[in-house]
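Some notes on the structure that comes next.
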Amino acid sequence: MKQILAIDYGKARCGIAATDDMQIIASALDTVATASLIDFLKKYFSENQVEAIVVGLPTDLKGNMSEIETSILTFIEKFKAEFPGVEVHRLDERFTSKMASFFISQSGKNKKQREQKGLIDKVSATIILQNFLEQRTR
């Protein structure tokens, strides 16, 4: 099997998570500057087999799209042009940052470590990916 990646897309940086080759476990992979995301993915895809990506769908409590959605849609268009054989899925990402902050605080990290935005982004991507895997098996 091939891996699945999740991207927690942000204006400045993106958290990235990946499955194992059996698509059972989601693990935090990296945090990448948004401007370098396509280059990161080119390198990653040249070294790993990836069948799909899951990109967070940023909605508020009322179901309205966040303003970052326009940037995400532009990214997805570029991604599809660059990697036409890789499926793109979307998944509601409501509360993932809050959940990530909670899980990080429970892990015993000190306050300075917990406040690292890159760590929150990676953990958020992992939550998105784990939720995707769980929904797929239902």
Side-chain angles (χ1 to χ4, degrees):
M1 291 179 97
K2 297 178 180 180
Q3 294 179 0
I4 300 172
L5 293 185
I7 299 172
D8 180 31
Y9 192 93
K11 290 179 184 178
R13 72 194 155 274
C14 299
I16 301 174
T19 64
D20 59 311
D21 290 338
M22 297 295 292
Q23 298 181 1
I24 297 170
I25 299 169
S27 300
L29 183 63
D30 208 345
T31 303
V32 177
T34 300
S36 304
L37 182 57
I38 292 288
D39 290 335
F40 173 87
L41 294 172
K42 283 180 189 177
K43 183 175 183 331
Y44 190 85
F45 288 8
S46 73
E47 299 168 355
N48 300 276
Q49 293 187 328
V50 177
E51 86 174 40
I53 65 166
V54 182
V55 182
L57 185 65
T59 55
D60 63 19
L61 292 175
K62 295 179 182 177
N64 300 316
M65 289 297 143
S66 170
E67 61 187 56
I68 189 88
E69 178 65 9
T70 304
S71 298
I72 292 172
L73 292 174
T74 300
F75 161 73
I76 290 172
E77 285 178 29
K78 289 178 186 174
F79 179 88
K80 286 180 176 179
E82 190 69 44
F83 310 102
V86 179
E87 296 175 36
V88 177
H89 302 276
R90 302 296 305 274
L91 189 77
D92 187 345
E93 66 174 43
R94 272 182 278 195
F95 306 115
T96 56
S97 292
K98 289 190 186 308
M99 290 170 61
S101 294
F102 173 76
F103 291 139
I104 292 166
S105 72
Q106 297 301 303
S107 71
K109 301 274 187 203
N110 65 39
K111 184 175 180 180
K112 186 174 182 178
Q113 291 170 316
R114 289 193 310 260
E115 291 174 347
Q116 291 178 352
K117 301 279 190 217
L119 179 59
I120 292 171
D121 295 334
K122 282 193 291 194
V123 174
S124 293
T126 307
I127 293 168
I128 291 168
L129 187 52
Q130 192 64 48
N131 289 343
F132 177 79
L133 293 173
E134 289 170 6
Q135 286 183 14
R136 208 174 57 156
T137 59
R138 287 182 192 160

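Residue numbers start at 1 and run along the sequence shown.
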If you take all heavy atoms of [X] and [Y], which pair is closest and at what distance?
X	Y	value
Thr34	Gly10	OG1-O, 2.6 Å
Ile128	Ile7	CD1-O, 4.4 Å
Met1	Met22	SD-O, 3.6 Å
Ser124	Asp8	CB-OD2, 3.2 Å
Leu29	Lys122	C-CD, 4.1 Å
Leu129	Ala18	CD2-C, 3.4 Å

Can you check whether [Y]'s main-chain N or O pairs, donor with acceptor, with [X]'s side chain at less than 3.5 Å?
X	Y	answer
Arg90	Gly56	yes
Thr19	Ile4	yes
Asp121	Thr31	no
Thr74	Thr70	yes
Gln23	Lys2	yes

If the condition is ring pair (Phe, Tyr, Trp, His ring centres under 6.0 Å), which residues does Phe83 pass it with, not counting sequence neighbours?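 Testing Phe83 for ring pair (Phe, Tyr, Trp, His ring centres under 6.0 Å), a comparison that skips the adjacent residues, returns Phe45, Phe79.
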
If you define the side chain from C-beta out and look only at heavy atoms, does anything of Leu5 sit under 4.5 Å from Tyr44?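 Leu5 reaches Tyr44 side chain to side chain.
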
Is there a chain of hydrophobic side chains (I, L, V, M, F, W, Y, each step under 4.5 Å between heavy atoms) that links [X] to [Y]?
X	Y	result
Ile53	Ile68	yes
Val86	Leu41	yes
Val55	Val32	yes

Look at atom CD of Glu47 and say whether more than 12 heavy atoms of other residues, nucleotides or ligands are closer to it than 6.0 Å.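 Counting neighbours around CD of Glu47, more than 12 heavy atoms of other residues, nucleotides or ligands fall under 6.0 Å, so yes.
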
Could you give the distance from [atom1] ([X]) to [atom2] ([Y]), rounded to the nearest 0.5 Å?
X	Y	atom1	atom2	result
Ile38	Lys43	CD1	NZ	16.0 Å
Ser27	Gln3	OG	CD	9.5 Å
Phe40	Ile16	CZ	CD1	4.0 Å
Leu57	His89	CG	NE2	14.0 Å
Asp21	Asn48	CG	CG	7.5 Å
Cys14	Ile72	SG	CD1	8.5 Å

Passes side chain to side chain contact (heavy atoms under 4.5 Å, CB included), Glu67 versus Lys11? Steps please. CA-CA 10 Å; Glu67 61 187 56; Lys11 290 179 184 178; 3.0 Å; yes

Is it true that the side chains of Glu69 and Tyr9 contain a donor and an acceptor less than 3.5 Å apart?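 No, because no side-chain N or O of Glu69 sits under 3.5 Å from a partner of the opposite role on Tyr9.
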
Would Lys80 and Glu87 count as a salt bridge (Lys or Arg N to Asp or Glu O under 4.0 Å) here? Give the steps. CA-CA 8 Å; Lys80 286 180 176 179; Glu87 296 175 36; over 6 Å; no

